[in-house]
A.B. asks: 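First the structure, which I've put down as structure tokens, then a few questions once you've had a look.
Below, read A as the first sequence line, B as the second, and so on, with proteins coming before strands; counting in each chain starts at 1.
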Number of protein chains: 2
Amino acid sequence: MVTNGQTWVRGDLFDPNCATRVILDRIGDKWTALVVLRLKDGPRRFTELRDGIGQVAPKVLTQTLRRLERDGLVTREIFAEVPPRVVYALTPMGESLIEPITAVSNWAEEHVPAITRAQEKYDASA
Amino acid sequence: MVTNGQTWVRGDLFDPNCATRVILDRIGDKWTALVVLRLKDGPRRFTELRDGIGQVAPKVLTQTLRRLERDGLVTREIFAEVPPRVVYALTPMGESLIEPITAVSNWAEEHVPAITRAQEKYDASA
DNA sequence: CCGAATCCAAGGCGATACTG
DNA sequence: CAGTATCGCCTTGGATTCGG
């Protein structure tokens with residue numbers, strides 16, 4: 001599907017050099033999904049995000065936001081005021097990510113009880 | 001939604017102690033999604049999985065499969081033959097995970113070009 | 001063939017202190 | 001307020017070897 005000088009083949013998710021997989025790994029990191037879900041309800045300031053998501057070190061939150069910005073999923077708007085104000089928001093592409101993330105999130109939530117039971121059963125027989 | 005002695009609250013994905021988030025982190029690891037997608041087409045032997053997914057160290061593949069088994073998402077069937085044969089397959093719950101994973105995977109694949117462009121643009125202005 | 005054991009590397013992640 | 005600068009842990013992943 002993409003040929004950027006490397007060799008990216010459509011659908012070959014199992015190739016380590018596949019761009020899709022790189023993106024997948026990114027989405028799967030610890031905070032990206034949470035940030036996107038947080039921004040679902042509208043633009044948020046840095047502090048709002050930091051406080052709204054379980055304790056994140058500012059460095060890590062910045063990393064996450066920068067990557068999202070670089071990927072074109074989030075915009076970063078700076079207001080030159082005192083004190084400074086920076087507002088993050090989802091781009092249209094970022095918003096399109098809400099649906100699949102929510103799907104996974106809902107799946108997880110629905111299956112927590114069953115998984116917990118499976119784990120207890122497994123641990124008991126070990 | 002779940003109270004196991006801790007304090008798990010329904011929908012509070014932003015609480016670090018939330019079971020849903022723990023599961024989410026698990027699904028988001030490097031190989032879990034790939035294994036599930038591989039097993040989508042039917043049961044597979046250990047070697048088939050190892051060869052079918054970009055190079056995975058056997059230790060890591062075993063870890064991934066054991067976690068999936070423990071979570072009740074995959075079954076592990078051993079045939080006492082020579083040479084030994086072990087077959088992994090999705091449980092019904094495991095199969096239910098295909099849909100949300102596929103959703104994310106499809107999203108990634110669809111947006112690879114746009115993301116790549118966004119990255120190049122971002123890097124250029126930096 | 002399956003996977004356990006061991007050792008090792010990388011880097012994501014976190015806590016803290018400090019600055020424009 | 002919104003980060004950056006440091007430092008270090010510690011988990012995850014990887015390479016290899018060996019055993020049942």
A.B. asks: Scan for side chain to side chain donor-acceptor pair (under 3.5 Å) pairs involving residues 39-50 of chain A, sequence neighbours excluded, and state none if there are none.
C.D. replies: none
A.B. asks: A side-chain contact here means heavy atoms from C-beta on lying under 4.5 Å apart; do B/L13 and B/L24 qualify?
C.D. replies: yes
A.B. asks: Within the 4.5 Å heavy-atom criterion, are B/R26 and B/D71 side-chain neighbours or not?
C.D. replies: yes
A.B. asks: Scan A/F79 against the nucleic acid and name what it touches under 4.0 Å (heavy atoms): base, sugar-phosphate only, or nothing.
C.D. replies: nothing
A.B. asks: Rounded to whole Å, how long is the line connecting atom CG of A/D25 with atom P of C/dC13?
C.D. replies: 12 Å
A.B. asks: Whole angstrom is fine here: how far is it from CD in B/E81 over to C1' in C/dG3?
C.D. replies: 17 Å
A.B. asks: Would you say B/W107 and A/I27 make side-chain contact, with heavy atoms under 4.5 Å?
C.D. replies: yes
A.B. asks: Taking heavy atoms of chain A and a 4.0 Å limit, find me the 5'-most and 3'-most nucleotide of DNA chain D within that range.
C.D. replies: D/dC1 to D/dC7
A.B. asks: Drop me the distance from A/L68's CG to A/Q63's CD, to the nearest 0.5 angstrom.
C.D. replies: 12.0 Å
A.B. asks: What residues form a side-chain contact (heavy atoms from CB on, under 4.5 Å) with A/Q55, not counting sequence neighbours?
C.D. replies: none
A.B. asks: Do B/L49 and B/L39 have side chains that approach each other closer than 4.5 Å (heavy atoms only, starting at C-beta)?
C.D. replies: yes
A.B. asks: Give the residues of residues 37-64 of chain A touching DNA chain C, defined as any heavy atom closer than 4.0 Å, sorted by residue number.
C.D. replies: A/A57, A/K59, A/V60
A.B. asks: Does any part of the side chain of B/R76, heavy atoms only, come nearer than 4.5 Å to the side chain of B/F46, both counted from C-beta?
C.D. replies: no
A.B. asks: Give, ordered by number, those residues of residues 69-77 of chain A having at least one heavy-atom distance below 4.0 Å to an atom of DNA chain D; if nothing qualifies, reply none.
C.D. replies: A/R76
A.B. asks: Looking at side-chain heavy atoms only, is the closest gap between A/L37 and B/F14 below 4.5 Å?
C.D. replies: yes
A.B. asks: What I'd like to find out is whether the side chain of A/V36 reaches to under 4.5 Å of the side chain of A/L73, using heavy atoms alone.
C.D. replies: no
A.B. asks: Using heavy atoms to find the nearest nucleotide of DNA chain C for A/P84 and A/D29 separately, return the residue whose nucleotide is more 5′.
C.D. replies: A/D29
A.B. asks: Between atom CZ in B/R66 and atom C1' in C/dG3, what is the gap in whole Å?
C.D. replies: 7 Å
A.B. asks: Strictly by salt bridge (Lys or Arg N to Asp or Glu O under 4.0 Å), give each pair with a member in residues 115-126 of chain A just once, sequence neighbours left out.
C.D. replies: A/D123-B/R70
